[in-house]
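Numbering of ligands and ligand atoms starts at 1, following listing order.
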Amino acid sequence: MKTRTRFAPSPTGYMHIGNLRTALYEYLIAKSADGDFLLRIEDTDQKRYVEGATDIIYSTLKTVGMNWDEGPDIGGAYGPYVQSERKPIYAEYAHKLVELGGAHYCFCAPKEDADDDETEENAVPSKFQDPCKRLTLEEARARIAAGEPYTVRQTINKKGKSHFHDEVYGDIEIDYDDLDEGVLLKTDGFPTYNFANVIDDHLMEITHVVRGNEYISSTPKYNLIYETFGWTPPVYVHVPQVMKDAQHKLSKRNGDASFQDLVAKGYLPAAILNYIALLGWNPGDDREIFSLDELEKAFSVERLNKSPAIFDIVKLTWMNGCYIRELSAEKFHELAMPWYEKCLTRSLNLEMLSKVLQPRVETLAEIAEQTGFLEAVSDYNLALYENKKMKTDGKVAATALKLTADRLPQIEQWNNESLFECLKALAAENSLKNGQILYPLRIALSGRETTAGGATEIAAVLGREETLARVEAALSKLGD
Ligand code: GLU
């Protein structure tokens with residue numbers, strides 16, 4: 001049987017890191033077995049529908065390179081792939097399930113404040129008290145024919161324990177008494193998730209279902225539906241939630257729970273994907289850097305684990321730095337450009353700036369922190385010129401900067417290499433150490449003790465005119 005998996009997001013307008021990880025594992029299970037990866041949009045909860053949300057799902061998956069074989073936009077033999085377009089299918093199967101004894105029609109009015117699904121689902125206090133279970137099918141059908149609103153509610157008559165196997169959590173046992181007889185088809189004819197997922201996974205011939213462990217407790221209810229129809233349930237792969245720390249889930253409120261948040265903070269899609277692959281899966285050796293292709297080759301369900309997956313931004317940042325350093329110089333420059341445009345207005349040698357920054361930043365957002373002084377030197381303390389290791393102080397700095405100011409106009413090629421050679425020669429001619437020329441120059445150009453890039457690199461980025469202006473400004477500051 002061909003392996004078929006599906007990513008089934010609800011269009012919330014937000015790609016939570018945990019959902020993207022689910023999609024990745026679904027994708028890897030399919031692709032490592034030469035199978036199909038489907039995209040199904042679960043939009044049956046119309047009240048939660050967010051405009052444009054489907055596009056975010058498409059663009060995120062495309063950006064990370066997880067292409068789907070069937071889906072709403074490209075079709076396929078098992079469509080439609082949007083649940084709201086499958087309404088008649090759910091109705092048909094809901095009525096069939098009633099006939100088979102796996103569900104019953106229910107006329108209990110939802111509570112008055114029932115304006116969301118959950119309340120509607122829970123409107124009946126306990127399965128053993130649902131008066132509609134005592135209606136005969138004829139009585140129920142007559143009431144429906146008379147126009148009475150109804151829901152289709154699951155019937156659970158079993159007693160004892162339900163058992164099922166999960167690839168990550170092993171053998172699971174849940175008491176039938178702990179299951180509620182929830183709504184499967186709502187009064188508006190839309191299915192609940194609890195029904196639609198079973199019907200769709202069966203009709204779409206899904207072989208493996210990956211989802212968060214919050215679904216474990218409902219799985220026996222899904223299995224009852226499969227059983228009543230005489231269908232085989234898929235292989236279950238429940239994964240632990242992605243946590244912020246031991247107690248808290250990674251939530252929207254943290255501002256870094258979604259793929260979009262992380263991209264906006266200067267993380268590269270490939271690094272994010274690599275990092276989340278390791279949140280709950282390990283390759284069995286100490287490798288950490290994986291492209292999507294490499295993941296396909298290395299992935300196996302057996303190496304998924306159930307320990308809580310704690311999202312470690314420090315680790316992601318480190319990994320992102322590795323990815324940044326692996327980019328070609330051109331690619332880094334292209335990715336850095338929008339960040340330059342956001343924070344720099346003065347005319348600078350940006351190619352040079354990219355060369356300086358690429359080995360030194362771990363996220364693209366660091367570009368803003370590292371380049372603030374290129375716009376303007378903030379007022380700084382003259383004590384910065386005192387540095388024991390460099391053997392400089394205000395006096396040495398004044399001498400060195402004067403020599404530098406006289407020499408800079410003579411430099412023919414305004415680039416890092418020739419600036420460096422020329423200032424080294426200047427130091428030698430004047431019996432100074434290189435640092436005694438270069439350290440004061442760096443302070444003069446940046447007003448900072450540490451910078452990404454040395455004095456001559458900064459000078460190359462700033463250009464001759466601005467470099468000279470800053471050296472002159474430093475000299476008059478030192479002269480005051
Ligand atoms: N629409 C569900 C969700 O976003 C899908 C769960 C599943 O994969 O079955 O949580």
Side-chain angles (χ1 to χ4, degrees), residues 3-30 36-50 53-54 56-58 60-61 66 68 70-72 78 80-87 90 116-118 121 164 166-169 172 182-184 186 190-226 231 233-242 249-252 257-260 276 280 301 304 309:
T3 299
R4 286 172 59 83
T5 63
R6 86 301 191 268
F7 178 43
S10 303
T12 58
Y14 185 79
M15 181 65 83
H16 189 277
I17 284 304
N19 281 352
L20 188 61
R21 185 191 57 167
T22 300
L24 175 62
Y25 293 161
E26 299 260 13
Y27 178 88
L28 293 173
I29 290 173
D36 296 329
F37 172 64
L38 283 63
L39 178 59
R40 178 171 86 217
I41 302 295
E42 301 209 326
D43 63 344
T44 57
D45 190 354
Q46 297 280 301
K47 282 171 230 117
R48 292 200 186 121
Y49 183 77
V50 178
T54 317
I56 292 180
I57 296 167
Y58 293 160
T60 305
L61 294 181
M66 277 196 257
W68 49 100
E70 296 166 30
Y78 299 79
Y81 295 90
V82 178
Q83 287 187 328
S84 57
E85 293 168 21
R86 299 172 64 80
K87 242 173 118 178
Y90 306 119
D116 65 36
D117 305 331
E118 273 141 50
E121 268 186 71
F164 68 95
D166 178 84
E167 292 296 305
V168 176
Y169 288 83
I172 299 197
V183 169
L184 303 178
K186 297 183 269 184
F190 274 101
T192 56
Y193 167 79
N194 286 341
F195 189 53
N197 89 84
V198 173
I199 302 304
D200 289 347
D201 287 341
H202 170 72
L203 294 178
M204 295 180 181
E205 296 186 17
I206 299 304
T207 55
H208 296 67
V209 163
V210 182
R211 58 188 157 213
N213 62 9
E214 69 273 24
Y215 288 98
I216 288 181
S217 58
S218 314
T219 301
K221 294 198 284 188
Y222 310 150
N223 284 343
L224 281 176
I225 302 175
Y226 282 105
W231 299 339
V235 173
Y236 291 116
V237 184
H238 286 95
V239 287
Q241 313 248 325
V242 179
K249 280 198 255 177
L250 189 67
S251 82
K252 210 168 167 173
S258 83
F259 178 77
Q260 301 101 293
I276 63 173
V301 171
L304 287 174

What protein heavy atom sits nearest [atom], and how far away is it?
{"atom": "atom 5 (C) of ligand 1", "result": "Ala8 O, 3.2 Å"}
{"atom": "atom 8 (O) of ligand 1", "result": "Arg6 NH1, 2.9 Å"}
{"atom": "atom 3 (C) of ligand 1", "result": "Tyr215 OH, 3.6 Å"}

(Q) Just by distance, no angles: are the side chains of Tyr81 and Glu70 close enough, under 3.5 Å, to form a donor-acceptor pair? (A)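 A donor-acceptor contact under 3.5 Å links the two side chains.
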Sorted by chain and number, sequence neighbours left out, side-chain hydrogen bond (donor to acceptor under 3.5 Å, both in side chains) with Glu26 holds for Arg6
N/O of [X] under 3.5 Å from N/O of ligand 1, yes or no?
{"X": "Pro9", "value": "no"}
{"X": "Glu26", "value": "no"}
{"X": "Ser10", "value": "yes"}
{"X": "Tyr193", "value": "yes"}

For Lys249, does the NZ atom have more than 12 heavy-atom neighbours from other residues, nucleotides or ligands under 6.0 Å away?
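Incorrect, the count does not exceed 12.
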- Verdict with reasoning, Tyr193 to Tyr215, per ring pair (Phe, Tyr, Trp, His ring centres under 6.0 Å): CA-CA 11 Å; Tyr193 167 79; Tyr215 288 98; 5.0 Å; yes
* Asked: Where the side chain of Ser10 meets the backbone of Thr12, is there a donor-acceptor pair that is under 3.5 Å apart?
  -> no
| task | Identify the residue among Ile29, Val235, Asp36, Ile206 that makes a side chain to side chain contact (heavy atoms under 4.5 Å, CB included) with Thr3. | result |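 The single option meeting the side chain to side chain contact (heavy atoms under 4.5 Å, CB included) with Thr3 is Ile29.
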Closest to atom 2 (C) of ligand 1 by heavy-atom distance, out of Glu42, Gln83, Arg211, Arg40, is Glu42
